[in-house]
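Down below is the structure, laid out as structure tokens.
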Amino acid sequence: MWCSRTALGRLRRIAPCTVTGFHRAMSTLPKVYVTRKVPPDGLDILRESGQVQFEMWDSDDPVPRVELLKKVKGCDGILCVLTEKIDAQLLEAAGPNLKVVSTMSVGFDHLSLDELKKRGIRVGYTPDVLTDCVAELTVALLLATSRRLIEATHEAKTGGWGTWRTLWLCGHELANSTVGILGLGRIGVAIAERLKPFKVKKFIYTDVEQRPELANMIEAEYVSFDEMAKQSDFLAVCCALTPETHGICNLNLFSKMKKNAIFINTSRGGVVNQEDLYEALSTGLIAGAGLDVTTPEPLPTHHPLFTLKNCGKHARLMIQMYLSIKKKKHWTPLTFIV
Ligand SMILES: O=C(O)C(=O)CO
């Protein structure tokens with residue numbers, strides 16, 4: 001049912017009216033469809049504005065497409081989240097009243113911007129609300145992957161933790177490393193700021209164009225896509241999903257990366273060719289991957305990427321030993337205690 005209790009109350013206060021007049025006033029308020037249960041604070045803004053009537057899909061699960069197509073009919077506004085494809089079909093279903101679409105998300109790859117533009121529909125989104133949390137999550141994933149925390153937990157729980165061994169689960173060091181950022185924006189900068197105290201040697205980035213203002217904040221060097229692949233010990237993918245970036249992390253990239261490289265994706269699953277990632281991980285082209293996003297989401301529990309633990313573990317262990325010995329990373333001059 002289309003209503004806003006506070007809006008109704010406010011309307012009554014502003015313009016006391018008969019029930020019939022009141023309902024007439026309500027029916028002229030612009031209609032907004034909210035496609036998901038949004039946090040109460042956000043909803044209060046709509047409710048208290050007294051300027052709209054709205055209906056919300058009151059669930060934590062996405063509104064089924066068929067239902068959505070029915071519900072948006074005649075709407076003036078849509079407040080959606082990233083699970084709703086706002087495309088030509090939906091805009092046709094909404095009809096000519098639709099004036100504004102607002103998405104509670106940083107990414108907007110679920111919106112057909114061309115179709116929206118063509119119809120003169122304004123678009124709002126919520127940039128920056130996630131910068132800190134995505135940066136923190138990226139660092140968490142990067143450390144958990146490079147320090148092999150998931151494997152270590154598994155070994156501890158399943159009895160694989162035997163005696164102390166010199167190189168077992170050693171992982172990869174951020175100190176003295178080169179961190180590559182694919183797509184430098186607010187989030188990329190926030191990630192670099194957090195990683196810097198780990199004594200990273202160098203930040204590099206690649207993007208469709210140079211971003212000197214952002215790059216200066218973290219002293220990052222602009223490099224070509226191939227250079228970034230070759231130089232990065234850690235690669236954080238932070239780009240938006242666009243037709244240009246779709247599947248950009250594929251065998252072409254992985255085959256140029258270092259064998260000890262750690263790949264982290266907190267942008268969108270669509271930027272990665274997952275078959276290629278599976279191949280890269282299972283054949284030891286790269287050392288490990290930490291994924292916050294996949295295609296589809298959630299990834300089916302039987303997906304090959306979930307089977308990689310052993311294969312990945314062995315590959316990583318061999319590479320780790322090789323590097324450690326080659327670089328004599330763990331051998332320091334002997335210090336006498338007594
Ligand atoms: O807001 C976004 O774009 C997100 O990915 C939220 O997880």
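Fair warning: this is a prediction, and the values are worked out from it, not measured in the lab. Atoms within each ligand, like the ligands themselves, are counted from 1 in listed order. Values below: every heavy atom of this structure, side chains too, minus hydrogens, waters and symmetry copies.
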With sequence neighbours left out, what residues match Tyr278 under ring-ring contact (aromatic ring centres under 6.0 Å, His included)?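 Result, ring-ring contact (aromatic ring centres under 6.0 Å, His included) vs Tyr278: none returned.
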Under 3.5 Å, which donor-acceptor pairs do the side chains of residues 76-83 form with other protein atoms, sequence neighbours left out?
from: Asp76; atom 1: OD1; to: Lys99; atom 2: NZ; distance (Å): 2.6
from: Asp76; atom 1: OD2; to: Lys31; atom 2: N; distance (Å): 2.8
from: Thr83; atom 1: OG1; to: Arg36; atom 2: NH2; distance (Å): 2.7

Worked verdict on Arg211 versus Glu213 for salt bridge (charged side-chain N to carboxylate O under 4.0 Å, His left out): CA-CA 6 Å; Arg211 314 227 178 256; Glu213 264 180 43; over 6 Å; no
For the pair Arg47 and Asp44, find out whether any cationic side-chain nitrogen is under 4.0 Å from an anionic carboxylate oxygen.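 Yes, Arg47 and Asp44 are salt-bridged.
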What does the 4.0 Å heavy-atom contact list look like for ligand 1?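 Ligand 1 pocket, heavy atoms under 4.0 Å: Leu82, Ser105, Val106, Gly107, Leu130, Arg268.
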Name the atoms and distances for all side-chain donor-acceptor pairs under 3.5 Å in residues 188-202, with sequence neighbours left out.
from: Arg194; atom 1: NH1; to: Ala190; atom 2: O; distance (Å): 2.9
from: Arg194; atom 1: NH2; to: Asp132; atom 2: OD1; distance (Å): 2.9
from: Lys202; atom 1: NZ; to: Gln231; atom 2: OE1; distance (Å): 3.1

Quick one: do the Ser267 and Asn265 side chains pair a donor with an acceptor below 3.5 Å?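 Side chains of Ser267 and Asn265: pair found under 3.5 Å.
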